[in-house]
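Below is one structure; the comments refer to it alone.
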Amino acid sequence: MNTNAEIIAVASGKGGVGKSTVSSNLAIALSKSGSRVGLLDADIYGPSIPRMFGVSGQSVTSNDGKSFEPIESNGIQLMSIGFVQTNNDAMIWRGPMLSQAINQLLFQTNWNDLDYLIIDLPPGTGDAQLTISQKANLTGTILVTTPQNISLIDVEKSLIAFRKLDIEVLGLIENMSYFTDDSGKDHYIFGTGNIEDFSEKHGVELISNLPILPDLAKYSDDGRLFDEFENLPMLSEKYQDITDYLKARISDIDKTDSLETIPVVTE
Ligand code: ADP
């Protein structure tokens with residue numbers, strides 16, 4: 001695996017909050033900005049990345065019988081348990097099996113010269129998620145939540161767990177924050193204010209509030225996210241800001257890291 005890639009895990013406390021959608025759009029935005037991007041679908045319980053990129057039903061290939069070739073879609077390198085197990089049987093994974101499966105997908109994929117690897121983690125803070133987060137040598141993690149307290153309560157658990165493990169929390173993304181009607185008026189269907197309080201309480205940046213976009217769900221289902229990205233300006237402009245923020249934040253982290261490696265000269 002190319003160790004120079006910045007590895008960003010996208011995590012959530014609950015399922016269904018839009019973690020995979022954010023992971024995919026982040027990968028698309030970074031790729032469209034000229035970076036070489038990989039996307040690992042580590043959401044073993046509900047792998048949805050193949051469908052979002054219009055490559056579901058494809059199977060991984062191996063040139064040497066030991067490692068997997070990623071499946072490319074619009075230049076983005078993808079790996080998912082969905083490419084390994086292509087029938088629709090629900091998979092029952094227990095802790096160690098789950099860790100091992102994700103481990104294999106991460107380390108036995110021939111990622112080709114990546115600038116960024118985005119990992120779509122399973123929801124929650126189980127051992128598997130945390131083990132992988134540590135083993136993957138993450139640059140940091142992004143936490144995705146919806147506005148409701150019920151989602152924030154679980155995301156708080158994730159935040160605390162990542163911090164305990166010294167994993168940098170790069171910021172929060174609030175998904176499905178509001179809906180803009182045809183007259184341009186915003187409706188905060190699930191309420192407002194919780195995320196701002198959360199961000200202040202924990203000293204973690206609120207990177208973005210993303211709108212509810214019915215077309216987004218449709219394009220995801222149809223596997224047309226990449227092609228339609230610019231046709232959703234309310235979304236693509238937000239992702240431009242998100243990638244700008246991440247690039248700046250990561251370059252700060254890298255600078256701090258390299259400062260730490262400079263030996264201190266004492267007289
Ligand atoms: P998770 O990975 O957290 O389980 P998904 O990314 O699979 O969640 O999203 C759950 C569902 O919500 C999907 O059908 C997705 O298309 C839809 N969805 C996610 N974000 C939005 C949004 N901002 N607007 C409309 N639909 C969305």
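As the structure lists them, so they are numbered: ligands from 1, and atoms in each ligand from 1.
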Next item on the list: For Ser20, take its heavy atoms, then give the atoms of ligand 1 lying under 4.0 Å from any of them.
Entry: 1 (P), 2 (O), 6 (O)

Next item on the list: Could you list the atoms of ligand 1 found under 4.0 angstrom from a heavy atom of Ala217?
Entry: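 Going through ligand 1 atom by atom, the ones under 4.0 Å from Ala217 are 16 (O), 26 (N).
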
Below 4.0 Å from ligand 1: does a non-hydrogen atom of [X] turn up there or not?
{"X": "Leu210", "value": "no"}
{"X": "Ser12", "value": "no"}
{"X": "Pro211", "value": "yes"}

Note to self: Please determine whether a side-chain nitrogen of the Lys or Arg among Arg249 and Glu168 lies less than 4.0 Å from a carboxylate oxygen of the Asp or Glu.
What the structure shows: yes

Margin query: Taking Asp222 first and then Lys218, would you say they form a salt bridge - that is, a charged N and a carboxylate O separated by under 4.0 Å?
Written below: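 Yes, Asp222 and Lys218 are salt-bridged.
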
Next item on the list: Let me know which of Val37, Ile76, Asn74 forms a side chain to side chain contact (heavy atoms under 4.5 Å, CB included) with Ile28.
Entry: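 Filter result, single survivor: Ile76.
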
Pairs of nitrogen or oxygen atoms closer than 3.5 Å, one from [X] and one from ligand 1: do any exist?
{"X": "Leu216", "answer": "no"}
{"X": "Gly18", "answer": "yes"}
{"X": "Gly16", "answer": "yes"}
{"X": "Thr21", "answer": "yes"}

Check: For atom 20 (N) of ligand 1, what's the nearest protein heavy atom and its distance?
Finding: Asn175 ND2, 2.9 Å

Next item on the list: Identify the protein heavy atom lying closest to atom 25 (C) of ligand 1, giving its residue, its atom name and the separation to 0.1 Å.
Entry: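 Scanning the protein heavy atoms, the shortest distance from atom 25 (C) of ligand 1 goes to Leu213 O, 3.2 Å.
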
Checklist line | Heavy atom of protein inside 4.0 Å of atom 9 (O) of ligand 1, strictly below | finding: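 Yes, there is a protein heavy atom closer to it than 4.0 Å.
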
Check: Heavy-atom distance from atom 22 (C) of ligand 1 to the protein below 4.0 Å?
Finding: yes

Notebook entry, point to check: With a 4.5 Å limit on heavy-atom distance, are the side chains of Ser24 and Ile49 in contact?
Noted result: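 Of all side-chain heavy-atom pairs linking Ile49 with Ser24, at least one is under 4.5 Å.
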
Item checked: Heavy-atom check, side chain of Ile7 versus side chain of Ile119, under 4.5 Å -> yes

Note to self: For Glu69 and Asn63, which I'm curious about, is there any donor-acceptor pair between the side chains at under 3.5 Å?
What the structure shows: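 The criterion, which ignores hydrogens and geometry beyond distance, is satisfied for Asn63 and Glu69.
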
Notebook entry, point to check: Looking at Gly38 and Trp111, what are the two nearest heavy atoms and their distance?
Noted result: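 Scanning both residues completely, I find the closest heavy atoms to be CA-CZ3, 4.0 Å.
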
Notebook entry, point to check: Picking from Asp41, Asp43, Asp120, what satisfies side-chain hydrogen bond (donor to acceptor under 3.5 Å, both in side chains) with Ser80?
Noted result: Asp41

Checklist line | Face-on cation placement of Lys32 at Phe226 ring, 6.0 Å and 45° thresholds | finding: yes

Margin query: Please compare Lys19, Arg51, Lys218, Met176 and report which has the shortest non-hydrogen distance to atom 12 (O) of ligand 1.
Written below: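 The option holding the nearest heavy atom is Met176.
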
